[in-house]
Amino acid sequence: MLHIGINLGFSTLRPGITDEEMYHGELDLAVQAEALGYDAVWAVEHHFEDYSLCPDNLLVMAHLAGRTSRILLGTAAVILPWNDPLRVAEKALMVDTISRGRLLLGIGRGLSRKEFEPFRIPLSETRERFDEAAPMIFEALETGVIEGKGPYYPQPRAELRPRPRGSFLGRRYCVAGSPDSLVMAAKLRAKLMSFIVRPVPDLMPNFTRYRELYETEHGEIAPSISLSVNMYCHEDDELARERHFEYVNRFFMANVEHYEMAGEHFAGLKGHERYADNAAYFRRIGLEKAANDYAATALWGNPKRILGQIEAIRDVLGDFELSLAPSFGGMPYDQARASLELFAREVMPKARGMRGEPVSVLG
C-alpha cells in the first residue's frame with residue numbers, strides 16, 4: 001500500500017497571523033490527519049523567519065505523541081549542523097519511547113545562509129559536519145551508546161537513556177539533493193527524502209543514482225523514495241487551480257528569498273555545486289517562470305486530476321512514498337483542513353493501490 005503522510009511547514013506567510021495562531025493551526029492539522037487515516041505526520045526544522053519557524057521538530061513530535069495514538073511521527077528533517085549529535089540521539093530515543101515506537105527520524109544538512117550565520121557555522125563546513133554526525137547518531141540509536149573522534153564532534157563514549165526500544169532500520173530518512181548527500185543517504189541505509197522542486201522525470205537521474213549506490217553498498221534493493229510535495233484538493237478544479245497557484249507562488253518566492261536561491265554565493269563553494277547551477281538557472285529564466293514551473297510540480301486540482309498526477313509519478317518512479325504539504329503560502333487553515341479531508345475521502349482510498357514495484361537498477 002502507498003504510504004501517505006503530511007508535512008507541516010510552520011510558516012507565517014499569511015498577513016496578520018500570529019506565531020501562536022500558526023502553531024495551533026499546524027498542530028490541529030496533525031491531529032486531523034490521524035483521524036482521517038493518514039500514515040504519518042512530518043515537521044520541518046527552520047529558524048528565524050516567516051518562511052518557516054520550527055526550531056525543534058523533535059519537541060513537536062513529543063507534543064504530538066501525547067495528542068495521537070497511531071500516526072507515525074517524522075522529522076523532515078533534523079538539521080545536523082545546528083544540533084549536537086548526542087542531544088539528537090537522546091531526544092530521538094525519548095520521543096520513540098514515549099510514542100511507543102512511532103518515530104521516523106529524518107536528517108539533513110541545511111542550506112540557508114540566513115540560518116547558518118546566527119548559529120556561527122560557515123556553509124563551507126556543513127558537508128563535513130553532517131558526514132561526521134549522521135553515522136554517530138544512527139549507530140547510537142541501534143546500540144544505545146554514542147561516541148566520536150571527529151574534529152567537529154569529539155564525543156566521549158556515553159550510554160544513552162532511555163535505551164533503544166527497537167531498531168531504526170526502515171525508519172531512517174535522509175533529505176538529499178546534492179551528489180554527496182545521495183552518497184551519504186545510501187551509506188547510512190536511509191530512505192531518500194526529496195522535496196520536489198522539478199517534475200519527477202527531471203529528478204530521475206538523482207533517484208537512479210541513489211538506488212545504484214544503495215544496492216551496491218548493501219546488496220539489496222533500495223527502499224521506497226519519499227516525495228514531499230505541496231497539495232491542494234478541491235471539488236472545483238478551476239478554483240483549485242486558482243488557489244493553488246496563488247499560494248504556491250507565494251511560497252516559492254519566500255523559498256527563493258530564504259535560501260537566496262538566485263544568489264551568487266554558492267559559486268565556488270565546495271559541496272554546493274548543484275545549488276550554484278540552480279541559482280544560475282533561476283537568474284537565466286527569471287523567477288516568475290521558475291515559480292510557475294515549481295507550481296506545476298505539485299499535486300493540485302479535483303480528486304480525479306490528483307489521482308492522475310499520482311499515477312503519473314508511480315509510472316515514472318516505481319516504489320515511492322508521499323508526504324503532502326497541506327498548508328503553504330499563507331493558505332487559510334479552513335481551506336487546508338477541507339483539502340486534507342477531501343483528499344482522504346476521495347483520493348487516498350484509490351491512491352493506496354498506486355505504490356510502484358521495488359526497483360532494482362543493477363539487475
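These values consider heavy atoms only, across backbone and side chains, with no hydrogens, waters or symmetry-generated copies.
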Can you confirm whether Arg157 is buried at CZ, in the sense that more than 12 heavy atoms of other residues, nucleotides or ligands lie under 6.0 Å from that atom?
no
Heavy atoms, side chains only, cut-off 4.5 Å: are Asn230 and Leu299 in contact?
no
Let me confirm one number: the CG-NE2 distance from Asp50 to His46, rounded to the nearest 0.5 Å.
13.0 Å
Steps toward side-chain hydrogen bond (donor to acceptor under 3.5 Å, both in side chains) verdict (Gln335, Tyr247)
CA-CA 11 Å; Gln335 293 181 19; Tyr247 300 137; 2.9 Å; yes
Step by step, would you call Thr75 with Glu45 a side-chain hydrogen bond (donor to acceptor under 3.5 Å, both in side chains)?
CA-CA 8 Å; Thr75 57; Glu45 178 186 351; over 6 Å; no
Between Arg243 and Glu246, does a salt bridge (Lys or Arg N to Asp or Glu O under 4.0 Å) hold up when you go through it step by step?
CA-CA 5 Å; Arg243 287 179 174 176; Glu246 174 190 349; over 6 Å; no
So CG of Leu169 and CG of Leu188: to nearest 0.5 Å the spacing works out to 11.0 Å
Could you go step by step and tell me if Ile107 and Val175 meet the side-chain contact (heavy atoms from CB on, under 4.5 Å) rule?
CA-CA 6 Å; Ile107 59 173; Val175 176; over 6 Å; no
Within a strict 4.5 Å, meaning less than it, do heavy atoms of the Leu141 and Leu105 side chains meet?
yes
Between Asp319 and Arg314, does any NZ, NE, NH1 or NH2 come within less than 4.0 Å of an OD or OE carboxylate oxygen?
no
Flag side-chain contact, heavy atom, 4.5 Å: Thr68 against Leu73
yes
What do the steps show when you test Phe116 against Glu125 for side-chain contact (heavy atoms from CB on, under 4.5 Å), and what is the final call?
CA-CA 10 Å; Phe116 275 100; Glu125 292 181 4; over 6 Å; no
Taking ring pair (Phe, Tyr, Trp, His ring centres under 6.0 Å) as the definition, give me every residue that meets it alongside Phe10, ordered by chain and number, with sequence neighbours left out.
Tyr23
Any side-chain heavy-atom pair of Ser327 and Leu29 under 4.5 Å
yes
Do Arg171 and Phe168 meet the cation-pi criteria used here (NZ or CZ under 6.0 Å from the six-membered ring centre, within 45° of the axis)?
yes
Please tabulate, for the side chains in residues 146-154, all donor-acceptor contacts under 3.5 angstrom to protein atoms that are two or more places apart in sequence or on a different chain.
residue: Tyr153; atom: OH; partner: Arg129; partner atom: NH1; Å: 3.4

Verify the distance criterion only: is there a donor paired with an acceptor across the side chains of Tyr333 and Glu26 at less than 3.5 Å?
yes
Taking Asp28 first and then Arg67, would you say they form a salt bridge - that is, a charged N and a carboxylate O separated by under 4.0 Å?
yes
Might you point out which heavy atoms bring Ala295 and Asn249 nearest each other, and give the distance in Å?
CB-ND2, 4.2 Å
Give the C-alpha distance, both sets of side-chain angles, the deciding distance and a yes or no for side-chain contact (heavy atoms from CB on, under 4.5 Å) between Ser11 and Phe328.
CA-CA 7 Å; Ser11 73; Phe328 50 90; 5.9 Å; no
For Pro85 and Met136, work out which heavy atoms get closest and say how close.
CB-CE, 4.1 Å
In terms of side-chain geometry, is the basic nitrogen of Asp39 or Arg352 positioned less than 4.0 Å from the acidic oxygen of its partner?
yes
Would a 4.5 Å heavy-atom cut-off, applied to side chains only, mark Val78 and Leu58 as touching?
yes
Less than 4.0 Å between a side-chain N and a carboxylate O, is that true for Arg337 and Glu341?
no
Taking atom CZ of Arg109 and atom CG of Asp180, what is their separation to the nearest 0.5 Å?
7.0 Å
Only counting residues at least two apart or in another chain, list the ones meeting side-chain hydrogen bond (donor to acceptor under 3.5 Å, both in side chains) with Arg305.
Asp237
Going by an N to O cut-off under 4.0 Å, is there a salt bridge joining Glu142 and Arg172?
yes
When you measure from the side chain of Ser194 to the backbone of Ile196, do you find a donor-acceptor pair of N or O atoms at a distance under 3.5 Å?
no
With Glu217 via side-chain hydrogen bond (donor to acceptor under 3.5 Å, both in side chains) - residues at least two apart:
none
For Gly177 and Asn206, which heavy atoms make the closest approach, and how far apart are they?
O-ND2, 3.1 Å
Checking side chain to side chain contact (heavy atoms under 4.5 Å, CB included) against Met253, which of Leu287, Leu13, Val248 comes through?
Leu287
Does this structure show an ion pair linking Glu346 with Lys350, if we count only N-O contacts that are shorter than 4.0 Å?
no
If you count the non-hydrogen atoms of other residues, nucleotides and ligands that lie under 6.0 Å from CZ in Arg198, is the total more than 12?
no
Angle class for the Trp42/Tyr173 ring planes (parallel below 30°, perpendicular above 60°, tilted otherwise)?
perpendicular
Do Val229 and Thr297 have side chains that approach each other closer than 4.5 Å (heavy atoms only, starting at C-beta)?
no
Over 12 non-hydrogen atoms of neighbours within 6.0 angstrom of CZ in Arg165:
yes
Could you tell me which non-hydrogen atom of Ala76 sits nearest to which non-hydrogen atom of Asn57, and how far apart they are?
N-ND2, 4.0 Å
So CG of Asp236 and CD of Glu242: to nearest 0.5 Å the spacing works out to 9.0 Å
Can you sort out the partners of Phe252 under ring pair (Phe, Tyr, Trp, His ring centres under 6.0 Å), two or more places apart, ordered by chain and number?
Phe282, Tyr294
Could you check if a side-chain atom of Leu227 sits within less than 4.5 angstrom of a side-chain atom of Ile225, using non-hydrogen atoms only?
yes
Of all residues at least two apart in sequence or in a different chain, which pass the ring pair (Phe, Tyr, Trp, His ring centres under 6.0 Å) check with His234?
none
Where Asn7 and Ser228 come nearest, the two heavy atoms and their spacing:
ND2-OG, 3.4 Å
Give the C-alpha distance, both sets of side-chain angles, the deciding distance and a yes or no for side-chain contact (heavy atoms from CB on, under 4.5 Å) between Phe320 and His3.
CA-CA 8 Å; Phe320 74 107; His3 178 100; over 6 Å; no
To the closest 0.5 Å, what do you measure between CD1 (Ile137) and NZ (Lys91)?
10.5 Å
Take atom CD in Glu257; do more than 12 heavy atoms of anything else shown fall under 6.0 Å from it?
no
Quick check on Lys114: does its NZ atom have over 12 non-hydrogen neighbours (other residues, nucleotides or ligands) under 6.0 Å away?
yes
Geometric class of the Tyr51/His258 ring pair [parallel <30°, tilted 30-60°, perpendicular >60°]:
parallel
Is the centre of the Phe119 ring less than 6.0 Å from the centre of the Trp82 ring?
yes
Judged by modelled atom types alone, do Arg127 and Ser181 share a side-chain donor-acceptor pair under 3.5 Å?
yes
Note: Cys174 and Phe130 closest approach over all heavy atoms is SG-CZ, 3.7 Å
Nearest 0.5 Å please: distance from the CZ atom of Arg189 over to the CZ atom of Phe138.
12.5 Å
Apply side-chain hydrogen bond (donor to acceptor under 3.5 Å, both in side chains) to Arg100 and Ser69, showing your working.
CA-CA 9 Å; Arg100 299 188 185 275; Ser69 61; over 6 Å; no
